[in-house]
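Working notes for the structure below.
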Amino acid sequence: MLRFWEENQVYRKVKKRVWDERSSAPIFAFLEGPPTANGFMHVGHARGRTLKDVKLRYARMKGYRVWDQAGWDTQGLPVELEVEKKLGFKTKKDIERYGVERFVEECRRLVDYYIAHWVEASKRLGLWLDYEHAYETRHPRYIEAVWEFVKTAAAKGLLYEGRRVVPRCPRCGTALSSHEVAQGYQTVEDPSLYFKLPLEGLDNTYLIAWTTTPWTIIANEAAAVHPDEWYVFIAVGDEVWVVAEKRLKPFTEEVGVKDYIVIDRRKGSSLAGLRYRHPLLEEVPYHRSHEPPYHTVLTADWVSMEDGTGIVHVAPAHGPEDFELGRSHGIEAYTPLREDGYFGPEAGVFKGLWFEDANDKVAEVLKKKGLLVHLGKIVHEYPFCWRCGTRLFYYASRQWFIRISDEVRKKMVEAVDSMRWAPSWAVKRMRDWVENARDWCISRERYWGTPLPVWRCTRCGHWEVIGSLDELREKAVNPDEVPSDPHRPYIDRVRLRCPKCGGEMVREPFVLDVWMDSGVAHTAALRQYGWLHLWEKLYPYRWITEAADQTRGWFYTLLVTGIVWHGEKPYREVLLQGHVLDKEGKKMSKSKGNVVWALEWMKSHGADPMRLLLLSRAPWDSVNFDPDEVERYRSQLNTLWNTVRFADTYMELDKWSPAKAGEPRLEIEDKWLLYELHRAVKAVSEAIESDNMHHAVRAALDLVVEKISHTYIPLIRPRVWEEEMTESKNAAYKTLYTALRAAILLLAPLVPFTAEYLYQAFIKKYEPESTEETVHLEPWPKVPAELLDEEAWRAASQAIEAAEKVLALRTERRIKRRWPLPRAAIVPKQGAPSRQLLEQAATVLARLANIKNVEVSEQPPEWAEGADEIDLETIKVYVEARLDKETLLEGLAREVVRRAQVLRKQLDLPVDHVAEKLMVYAEGQLREAVEKHIDYIKREVRVKTVELLDEPPSGAKEWKVEGHRLAIKLQP
RNA sequence: GGGCCCGUAGCUCAGCCCGGUCAGAGCGCCCGGCUGAUAACCGGGAGGUCGGGGGUUCGAAUCCCCCCGGGCCCA
């Protein structure tokens with residue numbers, strides 16, 4: 001099928017048809033969340049991409065003009081890290097040594113490689129996107145769009161430069177944004193360290209502070225208390241300790257201090273200004289030069305009474321609140337820690353230590369000096385680098401930010417509330433995040449990314465944002481140096497003249513947060529191809545879907561840029577996806593080796609069954625990927641396959657075609673199936689529209705397996721076997737064909753390969769004229785209203801239900817289905833279908849349950865006394881679920897016939913050949929049966945005479961039939 | 001510490017929003033049928049305290065509260 005699509009360029013034709021011939025149709029605008037081209041597709045990705053494909057194929061069949069541009073995230077840390085791994089790099093220095101130019105080239109190559117993989121894997125999966133016009137975040141036109149956004153933000157006063165304490169990954173050598181940090185929290189065990197700050201001028205009196213990051217004590221510059229809380233002075237041994245009153249109990253319990261006396265109680269505000277001696281004064285020399293307000297008690301209302309001691313150690317360089325507090329008191333954010341995570345020479349005895357390793361050393365020193373109160377453990381969440389897993393720390397540095405103003409925030413919240421979220425609870429998550437959104441740190445000290453388009457004057461500091469390469473060429477001092485591709489390092493050579501002072505302006509050496517790349521996809525994807533004229537038609541996009549963690553990622557950055565840039569939400573409907581876990585329900589990870597790679601898997605097992613499995617659970621729940629489970633879905637598809645084969649076998653035999661069928665009178669089971677079809681179409685449509693793809697799978701498969709294969713086909717078998725092309729047979733064919741055709745179309749979004757195959761091989765064979773080139777261009781099925789007969793459906797449904805009960809009774813009483821039960825009666829209740837329909841329903845019941853005579857009567861017949869009773873919604877059914885002598889003999893006769901047929905087959909007699917003689921030896925009732933039904937046997941077996949013997953003939957075949965010996969021989 | 005999701009037969013899951021048809025399906029298992037869809041097809045059965053407890057109600061898997069277990073997010 002894949003080859004069929006490729007060779008005939010089916011996708012391209014579909015795209016053209018969809019857009020050219022539906023000029024007045026509504027647009028279904030999908031925005032692709034670009035996969036990062038830094039690794040292979042695993043089944044988790046495959047799930048998301050399957051969901052996308054289902055929605056898009058459905059929309060095409062529903063007649064929308066479907067916008068389905070593909071996209072790739074091609075820059076940023078994820079790609080750089082992959083290249084570093086490949087080249088064996090450990091730090092940024094390795095990159096500098098290797099050369100930025102070559103490094104960037106490597107990134108480009110790696111991206112090319114992975115994009116090729118993703119395109120192949122996506123196509124193999126069946127995801128139809130416009131790969132020919134995929135947007136790539138590294139494309140110069142795309143980058144210009146990002147610049148345009150930055151410039152717009154700047155024009156609105158939302159871009160600013162600031163020295164800020166931001167989370168930093170020492171390994172990657174760059175700051176991270178809050179949404180990146182949000183993705184990297186891990187539960188870890190850390191030290192819980194209580195230590196003393198000796199107060200100046202008060203002998204043996206100590207503030208007790210608490211920290212989970214002892215290394216930050218090296219950069220401690222102050223202590224903070226809550227101004228309105230009470231603090232107690234307690235005597236412990238010969239020392240006096242100060243802690244918050246509310247923390248006294250938990251604190252003393254945790255550190256194991258039992259004997260203490262409270263000797264004083266003071267308001268936090270009264271402690272302000274007290275000086276303390278830095279606990280590492282001797283070890284870290286530079287603290288000696290720090291005079292007040294350094295090393296004093298400050299007040300802050302964010303001091304928590306929930307943990308610690310109510311006295312917070314303040315390290316302005318390593319905590320955002322600390323930084324702000326310090327700044328308001330004129331305290332600089334000094335730190336001897338270098339950006340690479342190692343302590344520099346100023347750290348004294350801690351020089352050269354990795355920051356995490358300094359924890360132990362600090363504790364050791366404090367202990368030696370008698371300043372350690374308690375060293376315990378705490379299990380909590382701590383952020384790690386979302387890409388490389390290194391522990392982050394907060395660090396003061398110069399960065400660029402997008403301000404999330406109150407106005408922007410308000411608009412974002414409104415936007416979130418006005419969207420449709422699936423599942424509905426997702427809106428809470430998103431709103432919660434947006435309401436607490438902080439300014440967005442957009443600068444990264446890296447190489448392979450969109451360069452920050454800010455040039456700054458080396459003389460006066462004036463800065464300016466450039467919005468395009470043309471603008472840059474215009475303003476450059478050295479326009480010849482402006483590259484056609486604006487990546488580093490070339491772009492860094494471009495200089496401008498400062499309009500303020502005439503000095504030289506150079507580019508700020510940052511690249512942008514990769515999340516901004518994908519975040520402006522709503523506009524940049526079009527800009528890359530010069531399609532901005534389409535923007536108005538597509539924005540806000542109708543539907544997006546990604547994994548749940550993107551509430552903090554792409555969903556968020558799209559929203560920010562959309563609101564800031566265009567003042568309107570960028571998308572309207574969101575589907576949140578859960579993760580794919582391994583079959584034990586464990587997270588897939590490379591280190592565990594339990595990752596299932598999508599392409600590999602599909603190559604050996606095919607895409608469709610996998611798609612069904614991935615679709616089978618609610619999209620937002622996690623799904624366990626169990627290979628055995630996939631096989632179960634394959635077998636269900638197999639049923640469809642065989643059902644089609646059944647239809648094809650007979651239709652071909654009869655040279656039947658829908659064009660010749662006309663409008664035959666339908667029988668009740670036909671009406672029943674058509675109504676079931678109608679229900680299935682409705683269920684599948686609603687399910688896909690509301691993003692409940694798992695319901696769509698169920699409804700579609702139920703139609704095929706339960707309704708068509710299990711129920712309808714057995715019902716029409718006798719009609720199909722009629723020799724002539726009767727109206728009844730024609731009606732059965734037409735109904736079956738209609739149902740199969742619709743079922744194939746219903747399944748097309750879910751299992752595009754299977755559907756396409758059956759469409760080509762089956763539907764096209766019977767409708768060479770009226771079909772499309774591909775099933776995916778067919779209009780979504782709809783059962784014509786004139787074919788819907790709810791009353792008939794209701795009547796038939798109850799007959800079918802009754803038949804199931806009768807079958808259960810048969811099993812219970814060991815009565816084979818082949819043996820007809822003598823009789824049953826349908827008695828209407830309140831609201832029952834018409835008499836005529838009930839008569840027809842009676843035939844359904846008779847056929848499914850093999851009952852000789854099913855009557856309809858207003859009152860229970862006389863024999864109903866003692867018969868089995870089945871009570872249904874609007875009818876009651878009485879059934880004689882026992883064999884009388886007569887039927888028993890009939891049944892036994894049939895057993896004989898059946899076995900004689902086997903002999904015919906063994907002798908390979910042509911169907912119409914009349915054999916000479918059937919010799920039968922039978923015992924007991926079986927003999928009786930043969931005697932009584934001898935003519936019947938002659939006719940059915942097509943034999944001239946039947947001879948009943950007293951001894952088994954030689955060379956006869958023997959059976960035990962219901963306990964009686966049977967031996968027969970056939971003479972041809 | 002706060003928020004959210006999940007916890008239904010051996011397994012994988014529907015149902016829960018909008019309380020009331022014996023709590024359903026597929027697979028597996030057991031029994032059986034068919035041998036004119038046959039390297040197919042079909043029927044039946046066993047199996048469940050609907051995580052636990054409390055409440056609302058005439059009535060709860062479904063609504064409310066608490067707890068336990070699994071997971072996610074935030075601080």
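Computed from a prediction, not measured in an experiment: that's the story for all the values here. Labels below follow one simple rule: chain letters A, B, ... track the order of the sequence lines, proteins then strands, and each chain is numbered from 1.
Looking at heavy-atom distances under 4.0 Å, Trp721(A) makes contact with sugar-phosphate atoms alone, never a base. Residue contacts shown for Arg698(A) include a base, since a base heavy atom lies under 4.0 Å away. As judged by a 4.0 angstrom heavy-atom cut-off over every strand, Asp432(A) is placed among residues making no nucleic acid contact. Contact annotation for Leu701(A): no contact, since no heavy-atom pair falls under 4.0 Å across all strands.
The side-chain contact (heavy atoms from CB on, under 4.5 Å) test with Val434(A) singles out one residue from Asp417(A), Ile404(A), Val560(A), Val416(A), and that residue is Val416(A).
A gap of 37 Å separates the C1' atoms of A23(B) and U35(B), to the nearest Å. Comparing G54(B) with U12(B), their P atoms sit 28 Å apart, to the nearest whole Å. Rounded to whole Å, the C1' atom of C58(B) lies 32 Å from the corresponding atom of C6(B). When the C1' atom is used for both G19(B) and U56(B), the distance is 11 Å, rounded to whole Å. To the nearest whole angstrom, the two P atoms, one in G43(B) and one in G28(B), are 14 Å apart. Of the C1' atoms belonging to U57(B) and C63(B), the separation is 10 Å, rounded to the nearest Å. Atom name C1', nucleotides G15(B) and C22(B): the rounded distance is 15 Å, in whole Å. Nucleotides G51(B) and C68(B) are separated by 8 Å at their C1' atoms, to the nearest Å.
Using a 4.0 Å cut-off, no side-chain N or O of Arg810(A) falls inside it from OP1 or OP2 of G33(B). OP1 or OP2 of G33(B) has not a single side-chain nitrogen or oxygen of Arg898(A) nearer than 4.0 Å. Phosphate proximity of A37(B) to Arg717(A): present, with a side-chain N or O under 4.0 Å from OP1 or OP2. Considering only side-chain N and O atoms, His710(A) lies nowhere under 4.0 angstrom from the phosphate OP1 or OP2 of C41(B). Dashed line: the shortest gap from a side-chain N or O of Ser709(A) to OP1 or OP2 of C42(B) is under 4.0 Å.
One can place CE of Met651(A) at 14 Å from P of A37(B), the figure rounded to the nearest angstrom. Summarising the geometry, the separation between CG on Leu637(A) and P on C27(B) is reported as 13 Å, rounded to the nearest angstrom.
A 4.5 Å side-chain heavy-atom check between Leu51(A) and Met693(A) finds at least one atom pair inside the cut-off.
Taking the side chain of Arg438(A) as heavy atoms from C-beta on, and the options A75(B), G44(B), A37(B), the nearest nucleotide is A75(B). Nearest nucleotide to the side chain of His695(A), out of C73(B), A40(B), A14(B): A14(B). For Trp433(A), taking side-chain heavy atoms from C-beta onward, the closest of the listed nucleotides U38(B), C74(B), A14(B) is C74(B). Among the nucleotides A25(B), G44(B), C13(B), the one closest to any side-chain atom of Glu804(A) is G44(B). You'll find that the side chain of Tyr650(A) is closest to G36(B), out of G45(B), G36(B), A40(B). When distances are taken from the side chain of Arg429(A) to each of A14(B), A37(B), C72(B), the shortest belongs to C72(B).
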Output, in order, the C-alpha distance, side-chain angles, deciding distance and verdict of side chain to side chain donor-acceptor pair (under 3.5 Å) for Gln577(A) and Thr545(A). CA-CA 7 Å; Gln577(A) 302 159 16; Thr545(A) 177; 2.8 Å; yes

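Side chain to side chain, Asp654(A) and Tyr733(A) meet the donor-acceptor criterion of an N or O pair below 3.5 Å. With no hydrogens or angles considered, no side-chain donor-acceptor pair links Arg611(A) and Thr50(A) at under 3.5 Å. For the residue pair His313(A) / Thr216(A), a side-chain donor-acceptor distance below 3.5 Å is found, with atom types taken as modelled.
Looking at which nucleotide of RNA chain B each of Ala808(A) and Ala618(A) is closest to, the 5′-most match is held by Ala618(A). Taking for each of Thr643(A) and Thr639(A) the nucleotide of RNA chain B with the nearest heavy atom, the 5'-most of the two is the partner of Thr643(A).
Summarising the geometry of His694(A) relative to Pro619(A), their closest heavy-atom pair is ND1-CD, 3.8 Å, with the distance given to 0.1 Å.
Both distances falling under 3.5 Å, in either a Watson-Crick or a G-U wobble arrangement, occur for no nucleotide opposite C50(B). A 3.5 Å limit on both hydrogen-bonding distances identifies G45(B) as the Watson-Crick or G-U partner of C29(B). Pair check for G1(B) finds C74(B); Watson-Crick or G-U wobble, both atom distances under 3.5 Å.
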